[in-house]
Amino acid sequence: MSESKTVEIRVKRFDPDTKQFTVKSYRLEVDRFTTVLSALIAIKEKQDQTLSIRYSCRMGICGSCGMVVNGKPRLACETNILKECGDTVEVEPMLGHPVLRDLVCDFDDFFAKHKSVKPWLIRRDRAEKFRAEKEYVQTSKQLDEYLPFTYCIKCGLCVDACPVSNLNPGFKGPQALSQAYRYIADSRDEGAKARLEALDTFEGVWGCEFLGACSRVCPKGVDPALAIQLLKMRVINPPRDDTH
Ligand code: FES
């Protein structure tokens with residue numbers, strides 16, 4: 001592979017004042033280390049300071065840089081141009097979230113849905129955390145029940161890829177539902193019954209048509225489609241009380 005090469009980067013931009021989308025083309029020399037994000041940062045620094053992008057960690061941890069790259073929802077910081085994109089890189093804002101400007105989307109609805117499933121450990125004795133008399137010991141098997149679902153970085157790519165989320169704005173979506181399962185499956189949690197009752201709706205688990213697009217695009221290997229099917233099983237066979 002040659003050391004560097006010039007590629008075309010076509011960015012679909014959105015102007016909130018005119019509510020118009022336009023496509024702007026940039027040419028940039030890239031090398032084998034250049035990611036879509038580093039290319040966009042270079043364009044912003046050297047060619048066009050008006051380009052709006054959002055990012056933070058640049059290493060696939062913060063979940064800020066989601067966008068559609070050559071037709072697929074991707075993290076821009078984890079998409080290598082020479083290895084994965086070819087000579088033309090088409091970049092668009094995510095489709096499943098309202099666009100604020102250029103490649104920056106509004107995540108208010110996304111985080112409201114995440115919060116609605118109570119993504120924290122619920123305990124009946126709310127004062128116990130102030131006493132700290134014991135550890136909450138778990139076996140490896142109990143840990144395995146929920147560990148794969150803890151890797152979510154809330155990038156929103158799963159929601160972007162989900163056809164149901166794109167057609168039904170009321171649907172909780174794969175991210176919120178997988179995080180509901182993450183806590184319901186945790187042996188320390190005592191909020192399963194209430195969460196499951198709240199999700200026994202078409203906006204909850206029954207909206208999922210098990211197409212699996214969410215799981216295919218997750219950059220962290222989380223499997224929201226599996227989590228939702230496991231949730232459906234628990235909705236059908238709910239725990240008699242909130243203990244596991
Ligand atoms: Fe943090 Fe890409 S900048 S995940």
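Every number for a ligand or one of its atoms is a count from 1 in the order of the listing.
- For a distance threshold of 2.8 Å, the protein N, O or S atoms nearer than that to atom 1 (Fe) of ligand 1, listed by chain and number, are C57 SG, C62 SG.
- Applying the side-chain hydrogen bond (donor to acceptor under 3.5 Å, both in side chains) test to pairs two or more places apart or on separate chains, those with a residue in residues 200-223 are D200-W206, S215-D223.
- Annotation: side chain of L231 is in contact with side chain of L196 (closest heavy-atom distance under 4.5 Å).
- Both cation-pi conditions hold for R54 and F107: the charged atom is under 6.0 angstrom from the six-membered ring centre and inside a 45 degree cone around its axis.
- The closest side-chain donor-acceptor pair between Q229 and Y181, if any, does not fall under 3.5 angstrom.
- Residue pairs meeting the ring pair (Phe, Tyr, Trp, His ring centres under 6.0 Å) criterion with at least one partner in residues 7-36, sequence neighbours excluded, are F14-F21.
- Listed by first then second residue, pairs satisfying side-chain hydrogen bond (donor to acceptor under 3.5 Å, both in side chains) with a partner in residues 148-169 number zero, not counting sequence neighbours.
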